J.: 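This structure is in structure tokens; I'll ask about it shortly.
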Amino acid sequence: GQNIDQPTEMTATEGAIVQINCTYQTSGFNGLFWYQQHAGEAPTFLSYNVLDGLEEKGRFSSFLSRSKGYSYLLLKELQMKDSASYLCAVPYNQGGKLIFGQGTELSVKP
Amino acid sequence: DSGVTQTPKHLITATGQRVTLRCSPRSGDLSVYWYQQSLDQGLQFLIQYYNGEERAKGNILERFSAQQFPDLHSELNLSSLELGDSALYFCASSVEGRGDEQYFGPGTRLTVT
């Protein structure tokens with residue numbers, strides 16, 4: 001089956017760096033997604049990793065280690081607008097269905 | 001703006017009623033997905049269509065049904081509504097429907113009273 005674990009909450013300071021971890025167990029790996037979701041709004045796509053290593057995209061980077069079943073999302077130069085829930089997700093059995101973690105609620109403080 | 005549209009934005013209805021939620025995918029996307037998000041459950045996959053055909057099913061209740069039409073828009077029908085059906089319902093779309101990134105619509109907030 002599929003299982004995804006993320007911390008429930010994190011707090012960080014404006015301008016700082018924060019790392020949000022995600023561990024997963026899946027039968028047949030086909031990549032890992034990160035989404036950002038502000039309260040009451042739609043999830044928005046942040047990144048997709050299918051190979052090991054770090055993918056950088058502006059202030060956001062995502063890392064994957066397939067052998068460890070581990071990923072993290074790195075947010076640099078935090079801004080207040082980064083306060084949101086960050087969702088880790090993996091496709092189920094290499095299909096289209098996404099299994100989402102419960103999300104990590106990030107609060108950015110001044 | 002993801003390019004996925006959903007109507008209505010809000011829906012308030014009574015227990016026992018039936019409602020229809022509508023979704024139009026991004027231009028060029030053949031696959032549509034429906035998800036339910038309630039406060040205590042996170043995002044739960046309901047069902048996926050690809051080019052009019054059902055491709056994958058999640059823990060969708062028998063009271064719920066969906067379809068994708070030839071113009072690729074999709075509808076989610078919820079019947080015999082219960083208080084516990086109150087949630088945000090999101091539609092998402094993608095090009096291939098096999099592990100590619102999904103783009104989410106703004107959601108329909110359903111409140112059952």
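Below, chains carry the letters A, B, ... as their sequence lines are ordered, and counting in each starts from 1. Note that the structure is a prediction, hence the values are computed from the model and not measured.
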J.: Does a side chain donor of either A/Y72 or A/Q19 reach within less than 3.5 Å of an acceptor in the other side chain?
T.: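 No.
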J.: Side chain, backbone, both or neither: which part of A/Q102 has a non-hydrogen atom closer than 4.5 Å to chain B?
T.: side chain
J.: Tell me every residue that passes salt bridge (Lys or Arg N to Asp or Glu O under 4.0 Å) with B/R26, counting only those two or more places apart in sequence or in another chain.
T.: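 Here the qualifying residues are B/D29.
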J.: Using the rule side-chain contact (heavy atoms from CB on, under 4.5 Å), only one of B/L46, B/D85, B/L78 pairs with B/L61; which is it?
T.: B/D85
J.: Determine the interplanar angle of the A/F33 and A/Y35 rings, folded into 0 to 90°, and report it as parallel if under 30°, tilted if 30 to 60°, perpendicular if over 60°.
T.: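 If you compare the ring of A/F33 with that of A/Y35, the planes turn out tilted.
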J.: Where on B/L88 is there a heavy atom nearer than 4.5 Å to chain A: the side chain, the backbone, both, or neither?
T.: side chain
J.: For residues B/P106 and B/V4, report the shortest heavy-atom separation together with the two atoms involved.
T.: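 Shortest heavy-atom separation between B/P106 and B/V4 comes out as CD-O, 3.5 Å.
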J.: Report which part of B/Q102 has an atom under 4.5 Å of a heavy atom belonging to chain A: side chain, backbone, both, or neither.
T.: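 Both parts, backbone and side chain.
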J.: Could you check whether B/Q68 and B/E75, counting side-chain N and O atoms only, form a donor-acceptor pair closer than 3.5 Å?
T.: no
J.: For the residue pair B/Y33 / B/S74, report whether a side-chain donor-acceptor contact shorter than 3.5 Å exists.
T.: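 Result is no, nothing qualifies.
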J.: So if I take each residue of residues 43-64 of chain A and look for any heavy atom under 4.5 Å from a heavy atom in chain B, which residues do I end up with?
T.: A/P43, A/F45, A/Y48
J.: Taking atom types as modelled, find out whether A/T8 and A/E105 have a side-chain donor-acceptor pair closer than 3.5 angstrom.
T.: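 No, no side-chain donor-acceptor contact under 3.5 Å.
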J.: Which bit of A/L87 is near chain B, if near means a heavy-atom gap under 4.5 Å: side chain, backbone, both or neither?
T.: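 Contact with chain B: side chain only.
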J.: So for B/Y50, is it side chain, backbone, both, or neither that comes closer than 4.5 Å to the heavy atoms of chain A?
T.: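 For B/Y50, there is no contact with chain A at all, as no heavy atom is under 4.5 Å.
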